[in-house]
Each structure stands twice: as structure tokens, then as C-alpha cells.
Amino acid sequence: MWRDWERPKTIPFGIAAFRIGVYALWPFGYTTVERRDAGAPSCVGNVLWLILAGWWLALTHIVTGVALCITIIGIPFGIANFKLIPVSLLPLGREIVPTDQPFATR
């Protein structure tokens, strides 16, 4: 289909955005862990993500989390927004696992 030099290089960013969306849909009972085998391309991608999209996504989750924690009913959703900050700030090289096995993938 594609030769190696013309393959789209934005696929990891799309997968990271999908990972954030799935985690945002139902964050309860899950946590994120860093993958040790991610490597240097993940670091470079995280720097690009941080500059282009990560900082405003994290800022949005902070503002929304604080606003939700004002009410008693919104506290669990505010905490869920705070859990989304690390994965929205630097999503590449992270994996979403159930909270009962956060060290199983390390």
C-alpha cells in the first residue's frame, strides 16, 4: 500500500487521541501507567503533543475539574478530570489498565 518513506507519520497521534477519548468516556476503575518500552520516538512525539495540544487539554481538565468539585454531586467527575491530566498532557508511551493491576504491565 505505502512505501516506508511515504507512510503517514501521524498515526501514533491518532491512536493517542483515541486512547484519551476512551479513557475520558469511562475513567472509573482504570488508571494510566508508563510503558518502559516506548523509546525515543515517544519522547519526541510527546514534546510535539505538549506544544500543539497537550497544554490546553490539561488546562481544560484542570478548570473543569475545579468547577465540578464545587458541588457535592460533581466531585467524582472532578476527580475523574484530574485523572485525565497526565494522559492528556503526555499521552504517548502510556497504557490504560484496570486499577486492580497497575503494576502488571511494568
Side-chain angles (χ1 to χ4, degrees):
M1 186 156 96
W2 280 305
R3 288 181 222 119
D4 190 41
W5 57 271
E6 61 184 14
R7 184 169 38 108
K9 306 296 186 215
T10 57
I11 291 174
F13 295 106
I15 293 170
F18 183 71
R19 186 179 310 124
I20 292 170
V22 169
Y23 190 48
L25 182 65
W26 194 257
F28 305 108
Y30 292 96
T31 188
T32 60
V33 293
E34 288 186 32
R35 291 180 45 209
R36 299 291 180 202
D37 60 346
S42 173
C43 182
V44 171
N46 274 334
V47 169
L48 269 170
W49 181 277
L50 179 67
I51 293 170
L52 298 175
W55 68 272
W56 62 266
L57 277 173
L59 184 66
T60 304
H61 284 299
I62 290 170
V63 170
T64 307
V66 168
L68 285 169
C69 284
I70 291 174
T71 65
I72 293 175
I73 295 173
I75 290 175
F77 297 109
I79 292 171
N81 265 300
F82 294 138
K83 281 175 53 176
L84 284 165
I85 293 171
V87 75
S88 65
L89 195 60
L90 302 170
L92 300 173
R94 291 196 174 265
E95 188 174 355
I96 298 170
V97 296
T99 49
D100 58 347
Q101 51 179 307
F103 301 107
T105 60
R106 290 186 181 183

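For this chain, numbers begin at 1 and follow the sequence in order. Both backbone and side-chain heavy atoms feed into the values below; hydrogens, waters and symmetry mates do not.
- In terms of the side-chain contact (heavy atoms from CB on, under 4.5 Å) criterion, residue partners of L50 (sequence neighbours excluded) are, by chain and number, L89, L90.
- Applying the side-chain contact (heavy atoms from CB on, under 4.5 Å) criterion to Y30, with sequence neighbours excluded, gives Y23, W26, I96, P98.
- With a 6.0 Å radius and a threshold of 12 heavy atoms from other residues, nucleotides or ligands, F82 has its CZ atom above the threshold.
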Please report, to 0.1 Å, the donor-acceptor pairs under 3.5 Å made by any side chain of residues 58-66, with sequence neighbours excluded.
unit_1, atom_1, unit_2, atom_2, d
T60, OG1, W56, O, 2.6
H61, ND1, N81, OD1, 2.9
T64, OG1, T60, O, 2.7

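- Using a 4.5 Å cut-off on side-chain heavy atoms (C-beta onward), L57 and W49 make contact.
- Residue F18 is not grouped with residue L52 when hydrophobic side chains (ILVMFWY) are merged at heavy-atom distances under 4.5 angstrom, including chains of intermediate members.
- Summarising the geometry of C69 relative to G78, their closest heavy-atom pair is SG-CA, 3.8 Å, with the distance given to 0.1 Å.
- Hydrophobic clustering (side-chain heavy atoms under 4.5 Å, transitive across Ile, Leu, Val, Met, Phe, Trp, Tyr) keeps W55 apart from I85.
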